[in-house]
Every structure is written in C-alpha cells, then in structure tokens.
Amino acid sequence: EAGVVQSPRYKIIEKKQPVAFWCNPISGHNTLYWYLQNLGQGPELLIRYENEEAVDDSQLPKDRFSAERLKGVDSTLKIQPAELGDSAVYLCASSLYGGASQETQYFGPGTRLLVL
Amino acid sequence: AQTVTQSQPEMSVQEAETVTLSCTYDTSESDYYLFWYKQPPSRQMILVIRQEAYKQQNATENRFSVNFQKAAKSFSLKISDSQLGDAAMYFCAYRTPINQGGKLIFGQGTELSVKP
C-alpha cells in the first residue's frame, strides 16, 4: 500500500512570491490534515478535511493561506504572498474516519519551504 | 486546552542498551489516544506506537513499549536493545476526540542519539 505522497519535497522562493504544495493521501482515507512544523518544534494543525469539506480550519491564516481538496482525494495548500516566517516544513497526513484504525494518522515526507 | 510536554530535549543511549523517553499531557477527557512518532532527518513522521486510553494494558511493538499511567497523565516510551537506526527526534502526541477535531497535539520532541 502506497503511503501519503507530497510534492515538492523542497521549495525555495523569494518573499512575496506564491507557492503551492500538493498532497495525495493513502488510498481510501477520507480524512486529510495539513500540519505546519517550525524548526525545533512539533507539528501544529493548519486544516483538517473530511472528504472535500474543511471541518477545522481555525488555525489557518486565511489572509495568505488557502487550501482545497477537490473530489475528496488530493489536496493543495497555497501561500500567497509568502513571508520570511513561512519557512518551515509542511506535513500532510491522512486517516480513515470510521475505520478500525481511524485514530491513527499517517504522514507524508513533508515539503520543506525556504523563503528568502 | 490539551497540552503535551516532553521535558527531555535530548537523550543519549549506548547501542544495545535501554532508554526511556518521558511525556506528560493534560486533558479533561476520559477517552483519547496517545501516540509516539519518530522523525529521522528525512523529516518523515513515522508511527512508533499508539495507546488507547480505555485500555489498561500497555502497548508493545517489538522493541518499543509504553508505560501508560492514566491517573498521572504520563506516557513514557521505552526502547529496548537500542539500534543505530533508532537515532531520531521522537514526538509524543495526544489526539483530541473526533468531536473536537481529531487533531494531534504534539510535544516539543526529544532528540535521541545512539552511541555505537
């Protein structure tokens, strides 16, 4: 079974430029999460999807961040415009809501963003 | 609000020896899940072990086991017969109930080094 796939793995951009990250969850997983991990800290939730609906986006800075999950599968997280403080690792995770292992979230390899 | 605390920023163990990583958490819930994740330099967050709060028996996965003390809100990870590949950052995580978002709340992490 393929794991969570994320791309790109690394991205370097200049401040004020837009950037987008893509995530493909584990097949059949209906719940998808985006986490932000700053250097030396644990990840923090940005947004959670159940199918195509964003059910928790309270921690997403909506002035510059946006996300979508069309058709309830792949998801894209966008930042526009990027700021220096956005330099971090962006992790995507998925889980199967209602399944026997619904409580376990499986993570992708992350996208490391550097804003210059 | 739920919180997770890992009081050991760094730990070191000799190869083949045993090491215990500490974690405490705070919650008013009675039914929840706890996890230990491993994050090597590649940044991939890998599930090590999980514990359901309603189970009194401590979870075990090969060389990894936990000491779950619900009343004390303590959840330590024991690694037996440590191997060089165990070197990584270890995160303790608490999962909020589904009706509160089902998100993971992570501790600050413990950097484990394994000496040959």
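For the numbers below, each heavy atom of this structure counts, side chains included, while hydrogens, waters and symmetry mates do not. Note on naming: letters A, B, ... go to the chains in the order of the sequence lines (proteins, then strands), and numbering restarts at 1 for each one.
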Original post:
What part of A/Val89 gets closer than 4.5 Å to chain B, counting heavy atoms only: side chain, backbone, both or neither?
Top reply: side chain
**OP:** Could you tell me the separation between the CE atom of B/Met45 and the OH atom of A/Tyr106, rounded to the nearest 0.5 Å?
**Re:** 15.0 Å
**OP:** Count the heavy atoms belonging to other residues, nucleotides or ligands that lie under 6.0 Å from NZ of A/Lys16, then report whether that count exceeds 12.
**Re:** no
Original post:
What distance do A/Tyr35 atom OH and B/Phe106 atom CZ have between them, rounded to the nearest 0.5 Å?
Top reply: 5.5 Å
Original post:
Going by heavy atoms in the side chains, are A/Arg112 and B/Arg43 under 4.5 Å from each other?
Top reply: yes
Original post:
Taking atom CG of A/Leu45 and atom CG of B/Leu104, what is their separation to the nearest 0.5 Å?
Top reply: 8.5 Å
**OP:** Mark yes when over 12 heavy atoms from residues, nucleotides or ligands other than B/Asn62 sit less than 6.0 Å from its CG; otherwise mark no.
**Re:** no
Original post:
Is the number of heavy atoms from other residues, nucleotides or ligands under 6.0 Å of B/Lys70 NZ greater than 12?
Top reply: yes
**OP:** Find out if a path of hydrophobic residues (ILVMFWY) with successive side-chain heavy-atom gaps under 4.5 Å connects A/Leu70 to A/Ile26.
**Re:** no
Subject >> Most contacts with chain B, counted as non-hydrogen pairs under 4.5 angstrom, among A/Gly40, A/Gly110, A/Gly108, A/Pro43 >> reply: A/Pro43
Original post:
Is there a path of hydrophobic side-chain contacts, each under 4.5 Å between heavy atoms of I, L, V, M, F, W or Y residues, that connects B/Leu47 with B/Phe64?
Top reply: no
**OP:** Hey, could you give me the OG1/CD1 distance between A/Thr104 and B/Ile49, rounded to the nearest 0.5 Å?
**Re:** 11.5 Å
Original post:
In terms of hydrophobic clustering (I, L, V, M, F, W, Y; side-chain heavy atoms under 4.5 Å; direct or indirect links), are A/Leu46 and B/Ile105 co-clustered?
Top reply: no
**OP:** For the residue pair A/Glu44 and B/Lys103, establish whether any side-chain heavy-atom pair is separated by less than 4.5 Å.
**Re:** no
Original post:
Taking the side chain as C-beta and beyond, is there a heavy-atom pair between B/Phe91 and A/Gln37 under 4.5 Å?
Top reply: yes
**OP:** State yes or no: do A/Tyr49 and A/Tyr90 share one hydrophobic cluster built from I, L, V, M, F, W and Y residues joined by side-chain heavy-atom distances below 4.5 Å, directly or via other members?
**Re:** yes
**OP:** Name the option with the most non-hydrogen atom pairs under 4.5 Å to chain A; the candidates are B/Gln39, B/Glu52, B/Gln6, B/Met89.
**Re:** B/Gln39
**OP:** Determine yes or no for a side-chain-to-main-chain donor-acceptor pair under 3.5 angstrom, with B/Gln44 supplying the side chain and A/Phe107 the backbone.
**Re:** yes
Original post:
Taking a hydrophobic cluster as the set of Ile, Leu, Val, Met, Phe, Trp and Tyr residues connected by side-chain heavy atoms closer than 4.5 Å, whether directly or through intermediates, do A/Leu39 and A/Leu91 fall within one such cluster?
Top reply: no
Subject >> Largest heavy-atom contact set with chain B, pairs under 4.5 Å, which of A/Arg48, A/Glu50, A/Arg9, A/Gln6 >> reply: A/Arg48
